[in-house]
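One structure below.
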Amino acid sequence: MAWMCMRDSAWKYLQSAHLGGDRNYSHYTSRDFYSQFGLEDFLCTDDIPGTDEDTDSAVLFGTLRGNVVGLRYYTGVVNNNEMVSLQREPNNLYDKNAVKVNNVNGNQVGHIKKELAAPLAYIMDNKLAIVEGIVPYGAKNAFTMPVQMSFWGKEENKQAVLDELKMHGFKLAPPSKSSEFGFGSSWVSGRAGPSYSAPGHGAVQMTTEQLKSEFDRLFEDLKEDDKTHEMEGAEAVGTPLLPHQKQALAWMVSRENSKELPLFWEEKNNFYCNTLTNFAEKERPENVLGGILADDMGLGKTLVTIALILTNFHDGKPLPVEKVKSDQLHKESVVTGVKNEGHELLKGTSCNVEPNISSVKKKSETVQSQYSSFRPKRAKAEKPKYTVSSDSEESEEWLPQQTRTKCEKDLPATRKRSKNTASVQSVKKNDSEEGPRTTLIICPLSVLSNWIDQFEQHIRPDVHLNIYVYYGPDRSKDPSFLSKQDIVLTTYNILASDYGSRGDSLLHRLKWLRVVLDEGHTIRNPNAQQTKAALNLEAQRRWILTGTPIQNSLKDLWSLLSFLKLKPFTDREWWRRTIQRPVMLGEQGGLRRLQSLIKNITLRRTKTSKIKGKPVLELPERKVFIQHVTLTEEERKIYQSVKNEGKAAISRYFNEGTVLAHYADVLGVLLRLRQLCCHPHLCTNTSSSSCQIGDSTPEELREKLVNKMKLVLSSGSDEECAICLDSLNLPVITHCAHVFCKPCICEVIQSEQPNAKCPLCRNELRVEHLVECPPEESDSSIEKKGDREWISSSKINALMHALIDLRKQNPAVKCLIVSQFTTFLSLIEIPLKESGFVFTRLNGSMAQKKRVQAIQSFQDRQTGSPTIMLLSLKAGGVGLNLTAASRVFLMDPAWNPAAEDQCFDRCHRLGQKQDVIITKFIVKDSVEENMLKIQKKKRELAAGAFAAKKLTVSEVKQTKINEIKTLIDL
DNA sequence: ACCGCCGGGTGCC
DNA sequence: ACCGCCGGGTGCC
């Protein structure tokens, strides 16, 4: 699935692929070419219209020599063979057709001569082609210089471009091998020169074998060489690091302290020259003091980051651990100049200890942890169907138990430690002179509490950092307060909304020592507000943490590189010209550059990576057992009747060829069958919505569509948006009953207007016909079901049997009971209570504070703590840590085996000491057995060559149809 | 000479 | 710009 990174898939495929020798692929498009490798998804982008400026499908129309004039009016300089950027300047006073020429740094060099500017303006304004320039020679000219232009665009626009140029008396040189770009001609071969070669060669000339070896090399030493060095964490790190974590720390510290020139730059006679664009400048380019830590989840990215903060705390030195004598109590030396800052910290009962202590002018590093008040709003972006609760839950309750305890405990102690050793004071002194000291950490809301937990766990208790959670309506508005923190923790949503709403976003006014983006792929969409906000942060050191390194396209990588401020990639044009397009055209140099780039800035280890022959993580075993359950006769009867009815309906759809048009209904049938496998009471929504859509009132129609959408969303089928092929974000349903992300479908409509068609069924589409998912109503429906008299079911019996057995063997063992149906979990609660089990529960919809409580009580090892957690399959993000459990009972199979695996990983992860035994209850002769078949297929697919392959719309359709057939025995 | 030619002034868009 | 272009000065050999 998604997090199968390209490295694995590419590599695996190439290992096993039977590749022909020197076939000539000249008749292939690059997409065809790469699809041979199952890599088109990495190399090319989806062909959904309007998703980008369509730079990827561009072909080279031809080249043209022109002139840059007006050089003497501008300061931008170029070198021979340097790339230049051509930009329209429609507001130019003298010529509305003006096209200016900038160097790689964005400094203007001159203008395109007006005769040529006229057709260029037309071509560029109408987006008929992208025009790129290189100055072949004459770079030092005083007045004008030549520029070699390449015209790239969609095939269908080629003629229009040629015509327009012809009208003005220009003619493109055809994109033949050596003449295009002027490369290969004498002026370029003379110098050591740029490492790019003529585009357009690659896909034609590179043999399969060559390409294979390129790919082999692309990733083979990702984990080698300089990344094997280990470094101990600073004293302040309270947790011993594992070898691979020491490696990561060493690598990160070395990157932060690096004095080397950044990648693709070299020093040449007192100039610093970029080898990709040939741009040179006197000023030394700033190094990228950071990178991408792309370890698999569970390898300890958070811990390593904390270790980095403490170990490379200041000026390449660690945060010293003070040695303080407890008798040096000088309260007043700390609590001086107190004033209320207006933002409340530690608001509430247990931590309501001098909220204004935060504003104290500290004399040392020694300050207690501080947490802002925290209102448990839910992550809106992730779960659009929830509204933000407007009730005023006492915010401090959100804080994890441990944190509060610690605050209480530590406050007095903090004062004691206010007197410091000389070393600490000297650090402090330097601090004030040497700029920023604060690390800003940005993460999704769902892992915010995890960060706080990890700080608690991994920072030595006698070390005190200022940690401020910048979140909630009461968050500080005081820049100097923030800049005094050691760590500021916030979320992408806060970052984006601050940035969007006011021009003076606090986070953007400060210069940070270090910015860390957790789950950094969150910024892969360059147009998203949070991406823009993140890219605009000012920081000396920049890190991206992600478990999904380069998810599926080169384009995704751009925002990440842009964030890292690796020149010249901060500008998309240079990224596109030097890496993205060369790679997509199969140019050797492009692949090699991508390789060195990734190698240079990322560290990635998987769970199966090894250090000195030993696995990075030695997790206990994980065993999965399938326990078959036989339905009682009565249950079977109900099941069979629903199945027959549903099968008949679905067969009818097949005969009519309308399966996908009735997809929601089909899912409904399957859902009911899956529910019946669990418990007869689950299957209450028998309302078949198969009545005609045409003859209902708009209100009825709306309601029907909403119901269908809810069915799709709640069916657990893990529906993906057919446009972005990612999980649904802001789901909307069309009148033809297909569910997409709202932004995705709106973009399609926009780009196809006025006659937009549904990507799935080609029915007419209109923005005003899209129906959004209304906020979810309360759980009252579940409560209602509770009123019904409780009965057991075969599956519940099987479960209870197993649980009681287990308790006899070992009463302390902890279990997760997982289901996709929260109602089912509610039904299971009853026999659990009856049999005297202490249990807790975690749903996706639970308020944050409740979640934290549930997790903490379950993780607690004391006797009397819950031994069972009822868990809804998708509750919690990847950060959820339930290692107290060593047994998992999966009550119903998921459509997507990856969802199951992810769920198992919540206890089978770092920190698990026992073997994990998983029991999957599967009803014999039922849809559940068929689901296992589908799971098996998906697993094979994921393990195979086409792991990362994105399916086309028609493939998605066919897959769905096949799945339906398998599931309902057709 | 309603031309050619000369040489100075001048110069992006 | 060691160019082109402009427009004024000039005008047989």
Side-chain angles (χ1 to χ4, degrees), chain A residues 53 55 58 60-153 157 160-173 179-182 185-188 190-191 194 271 274 277-283 568 570-574 576-577:
Chain A
E53 313 103 60
T55 56
L60 181 61
F61 295 161
T63 64
L64 183 65
R65 181 67 60 84
N67 283 303
V68 187
V69 296
L71 303 183
R72 62 167 160 155
Y73 301 98
Y74 306 99
T75 53
V77 291
V78 292
N79 294 305
N80 288 342
N81 299 320
E82 183 172 335
M83 294 184 173
V84 287
S85 166
L86 273 56
Q87 282 178 15
R88 277 285 285 127
E89 200 179 44
N91 296 326
N92 187 295
L93 254 65
Y94 306 93
D95 183 359
K96 61 178 169 34
N97 291 326
V99 176
K100 63 175 177 176
V101 178
N102 289 356
N103 70 9
V104 175
N105 228 13
N107 302 119
Q108 185 166 2
V109 176
H111 280 103
I112 293 291
K113 211 164 150 50
K114 64 178 179 297
E115 293 80 7
L116 180 55
L120 279 193
Y122 176 83
I123 289 165
M124 292 166 88
D125 291 347
N126 292 295
K127 298 193 166 32
L128 298 176
I130 287 172
V131 188
E132 298 178 348
I134 289 188
V135 175
Y137 55 84
K140 300 290 168 264
N141 290 357
F143 304 100
T144 69
M145 61 173 70
V147 58
Q148 186 73 17
M149 289 169 292
S150 308
F151 290 70
W152 299 82
N157 293 327
V161 170
L162 294 178
D163 290 348
E164 174 66 16
L165 287 168
K166 196 175 179 183
M167 262 177 30
H168 290 80
F170 297 100
K171 190 166 180 289
L172 287 188
S179 65
E180 70 204 20
F181 254 2
S185 54
S186 56
W187 57 264
V188 74
R191 46 198 320 290
F271 274 87
N274 183 274
T277 59
N278 243 333
F279 174 76
E281 59 185 340
K282 200 97 187 151
E283 209 175 305
T570 36
D571 186 325
R572 255 175 121 181
E573 175 171 354
W574 309 118
R576 195 187 65 233
R577 286 177 65 174

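Residue numbering restarts at 1 for every chain, and letters A, B, ... go by the order of the sequence lines.
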Report task. Output the distance between atom CH2 (A/Trp152) and atom OG1 (A/Thr63), rounded to the nearest 0.5 Å. Result -> 10.5 Å
Report summary line: Rounding to 0.5 Å, atoms CG (A/Asp163) and CG (A/Asn157) come to a distance of 11.5 Å
Query raised in the report: More than 12 heavy atoms of other residues, nucleotides or ligands under 6.0 Å from NZ of A/Lys127: is that the case?
Result: no
Report task. Return the residues of residues 95-107 of chain A meeting this criterion: a heavy atom under 4.0 Å from some atom of DNA chain B. Order them by number, or give none. Result -> A/Asp95, A/Ala98
Requested in this report: Indicate, with a heavy-atom threshold strictly under 4.0 Å, whether A/Ile112 touches base, sugar-phosphate, or nothing.
Outcome: sugar-phosphate
**Report entry** Interatomic distance at C1', C/dC13 relative to B/dC2, whole Å
**Finding:** 25 Å
Report task. Send over the distance from A/Gln87 CD to B/dC12 P, rounded to a whole Å. Result -> 21 Å
Report task. Flag the pair A/Leu120 / A/Asn97 as yes when at least one side-chain heavy-atom distance between them is below 4.5 Å, and no otherwise. Result -> no
Query - A/Lys282, NZ atom: more than 12 neighbouring heavy atoms under 6.0 Å - result: yes
Report task. Return the set of residues passing salt bridge (charged side-chain N to carboxylate O under 4.0 Å, His left out) with A/Asp125 (not counting sequence neighbours), or none when no residue passes. Result -> A/Arg88
Report task. Check whether any side-chain nitrogen or oxygen of A/Lys114 sits under 4.0 Å from OP1 or OP2 of B/dC13, and answer yes or no. Result -> yes
Query raised in the report: Given the P atoms of C/dG4 and C/dG8, what is the spacing between them in whole Å?
Result: 23 Å
Query raised in the report: Whole-Å distance between B/dC12 P and A/Asn92 CG?
Result: 12 Å
Query raised in the report: Can you list the steps and then say if A/Met145 with A/Val68 is a side-chain contact (heavy atoms from CB on, under 4.5 Å)?
Result: CA-CA 5 Å; A/Met145 61 173 70; A/Val68 187; 3.8 Å; yes
**Report entry** Atom-to-atom span, NZ of A/Lys140 to P of C/dA1 - whole angstrom
**Finding:** 16 Å
What's touching nucleotides 9-11 of chain B from the protein side, N or O pairs under 3.5 Å?
none

Report summary line: Rounded to whole Å, the CD-P distance (A/Glu115 to B/dC13) equals 7 Å
Report task. Quickly work out the A/Tyr74 OH to B/dC12 P distance and round it to whole Å. Result -> 9 Å
Query raised in the report: Given the P atoms of C/dC6 and C/dG11, what is the spacing between them in whole Å?
Result: 24 Å
**Report entry** A/Glu89 side chain vs A/Asn91 backbone, donor-acceptor pair below 3.5 Å
**Finding:** no
Query - P spacing across the pair C/dG9 / C/dC5, given as an integer number of angstrom - result: 22 Å
Query raised in the report: Taking atom P of B/dC12 as reference, at what distance in whole Å does atom CG of A/Asn91 sit?
Result: 20 Å
Report task. Rounded off to whole Å, could you give me the CG-to-P distance for the A/Asn141 and C/dC3 pair? Result -> 14 Å
Query raised in the report: Taking side chain as C-beta onward, heavy atoms only, is A/Val69 less than 4.5 Å from A/Lys113?
Result: yes
Query raised in the report: Separation of A/Glu89 atom CD from B/dC13 atom P, in whole Å?
Result: 12 Å
